[in-house]
Amino acid sequence: GLDLNGAIIAASETGDAANALWTFVPDMFDARQYHVLLALNNGRALVIGGQKVQGHQYVDIPRCELFDPVAGTWSHTGSMLVARDGHLGIVLSNGEVLVTGGVDGAVVVTDTKTGKEKFRGYHDDQVKDIAFTPAGNWFVTVSNDRKIRVWDINNGRQILVMSTSN
């Protein structure tokens with residue numbers, strides 16, 4: 001996120017909604033913006049990618065971090081193969097994480113237990129949305145490339161491409 005002066009920060013807080021009480025927790029390892037934050041099935045939180053300032057330039061971050069709310073600590077976990085910001089992420093019904101989008105148009109499924117990438121596909125432009133079938137075994141992505149792609153999670157492949165007109 002950003003502070004009041006527009007600087008990218010690593011600060012984190014946990015909140016108690018019932019009592020409207022917020023508490024600072026240790027900072028993330030990387031100050032970042034435009035990242036994804038997901039609640040995992042095991043109660044931990046996963047921060048994926050984003051953007052940081054390096055020198056005088058903005059740089060996309062491939063690294064991911066896990067927050068353990070019981071211990072109140074951050075730890076490093078796997079990195080994406082492609083650094084990205086402005087992406088989408090979702091926890092799948094089997095506990096794996098799907099990350100898609102960002103400027104490279106990649107569609108990636110990652111195993112949250114191992115941090116390893118399971119499969120990767122691409123659109124020709126930024127992915128703008130994602131939706132899952134009720135069974136969770138297929139998902140659909142929509143991109144600025146004016147294509148709708150259907151993906152099979154279990155087989156790690158694209159199964160259908162539909163193009164839209166202007």
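This one's a predicted model, so the numbers in the text were calculated from it and none came from an experiment. Each residue takes its place number in the sequence, starting with 1.
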Query raised in the report: Under 3.5 Å, side chain of R157 to main-chain N/O of D152, donor-acceptor pair present?
Result: no
Query raised in the report: How would you list, by chain and number, every residue that makes a side chain to side chain donor-acceptor pair (under 3.5 Å) with D16, sequence neighbours excluded?
Result: N19
Requested in this report: Spell out, yes or no, whether F132 and L88 are grouped together once hydrophobic residues are joined by side-chain heavy atoms under 4.5 Å, including indirect joins.
Outcome: yes
Query - Residues that N42 engages under side chain to side chain donor-acceptor pair (under 3.5 Å), provided they are two or more places apart - result: none
**Report entry** Test side chain to side chain contact (heavy atoms under 4.5 Å, CB included) applied to F67 and V47, step by step
**Finding:** CA-CA 8 Å; F67 180 71; V47 171; over 6 Å; no
Requested in this report: Kindly write out the residues that satisfy side-chain contact (heavy atoms from CB on, under 4.5 Å) with V150, not counting sequence neighbours, or none if the list is empty.
Outcome: W138, V140, I159, L160, M162
Query raised in the report: Which pair of heavy atoms, one from I90 and one from L38, lies closest together, and at what distance?
Result: N-CD1, 3.8 Å
**Report entry** P26 to G72 - nearest heavy-atom pair and separation
**Finding:** CD-O, 3.1 Å
**Report entry** Side chain S143, main chain Q126, donor-acceptor under 3.5 Å
**Finding:** yes
Query raised in the report: Quick one: do Y122 and I148 end up in the same hydrophobic cluster if we chain Ile, Leu, Val, Met, Phe, Trp and Tyr together by side-chain heavy atoms under 4.5 Å apart?
Result: no
**Report entry** With sequence neighbours excluded, residues passing salt bridge (charged side-chain N to carboxylate O under 4.0 Å, His left out) with D68
**Finding:** R44
**Report entry** Whether D145 side chain and K147 backbone form a donor-acceptor pair below 3.5 Å
**Finding:** yes
Query raised in the report: Mind checking whether L98 and I153 have side chains closer than 4.5 Å, heavy atoms only?
Result: no
Query raised in the report: Hey, does V108 have a side-chain heavy atom less than 4.5 Å from the side chain of L81?
Result: no
Query raised in the report: Mind checking what makes side chain to side chain donor-acceptor pair (under 3.5 Å) contact with N94, not counting sequence neighbours?
Result: E96
Query - Flag side-chain contact, heavy atom, 4.5 Å: R120 against V82 - result: yes
Query - Whether H76 and F29 hold their rings parallel, tilted or perpendicular, with breakpoints at 30° and 60° - result: parallel
Query raised in the report: Hey, any chance Y34 and V127 share a hydrophobic cluster, counting ILVMFWY side chains that come within less than 4.5 Å of each other, even indirectly?
Result: no
Query raised in the report: Nearest 0.5 Å, what's the CG-CD1 distance between D85 and I61?
Result: 9.0 Å
Query raised in the report: Hey, does V36 have a side-chain heavy atom less than 4.5 Å from the side chain of H87?
Result: yes
Query raised in the report: Is there a donor-acceptor pair under 3.5 Å between the side chain of T23 and the backbone N or O of T14?
Result: no
Report summary line: On a heavy-atom basis, the closest approach of C64 and G78 is CB-O, 3.2 Å
Requested in this report: May I have all residue pairs that pass side chain to side chain donor-acceptor pair (under 3.5 Å) and include part of residues 49-61, sequence neighbours excluded?
Outcome: Q33-Q51
Requested in this report: Work out which heavy atom in V99 is nearest to a heavy atom in M80; give both atom names and the distance.
Outcome: CG1-SD, 3.9 Å
Query raised in the report: Is there side-chain contact between I48 and V97, with at least one heavy-atom pair below 4.5 Å?
Result: yes
Query raised in the report: Any side-chain heavy atom of L92 sitting closer than 4.5 Å to one from F139?
Result: no
Report summary line: Between S12 and W74 the two heavy atoms that sit nearest each other are OG-CZ2, 3.3 Å
Query raised in the report: Side-chain heavy atoms under 4.5 angstrom apart, residues restricted to Ile, Leu, Val, Met, Phe, Trp, Tyr: same cluster for V107 and I130?
Result: yes
**Report entry** Short side-chain donor-acceptor distance under 3.5 Å, H123 and R149
**Finding:** yes
Requested in this report: For the pair R32 and E65, evaluate side chain to side chain contact (heavy atoms under 4.5 Å, CB included) and give the outcome as yes or no after the intermediate values.
Outcome: CA-CA 11 Å; R32 57 181 82 211; E65 300 181 38; 2.7 Å; yes
Query raised in the report: Do you reckon V25 sits in the same ILVMFWY cluster as M28, going by side-chain contacts under 4.5 Å, direct or chained?
Result: yes
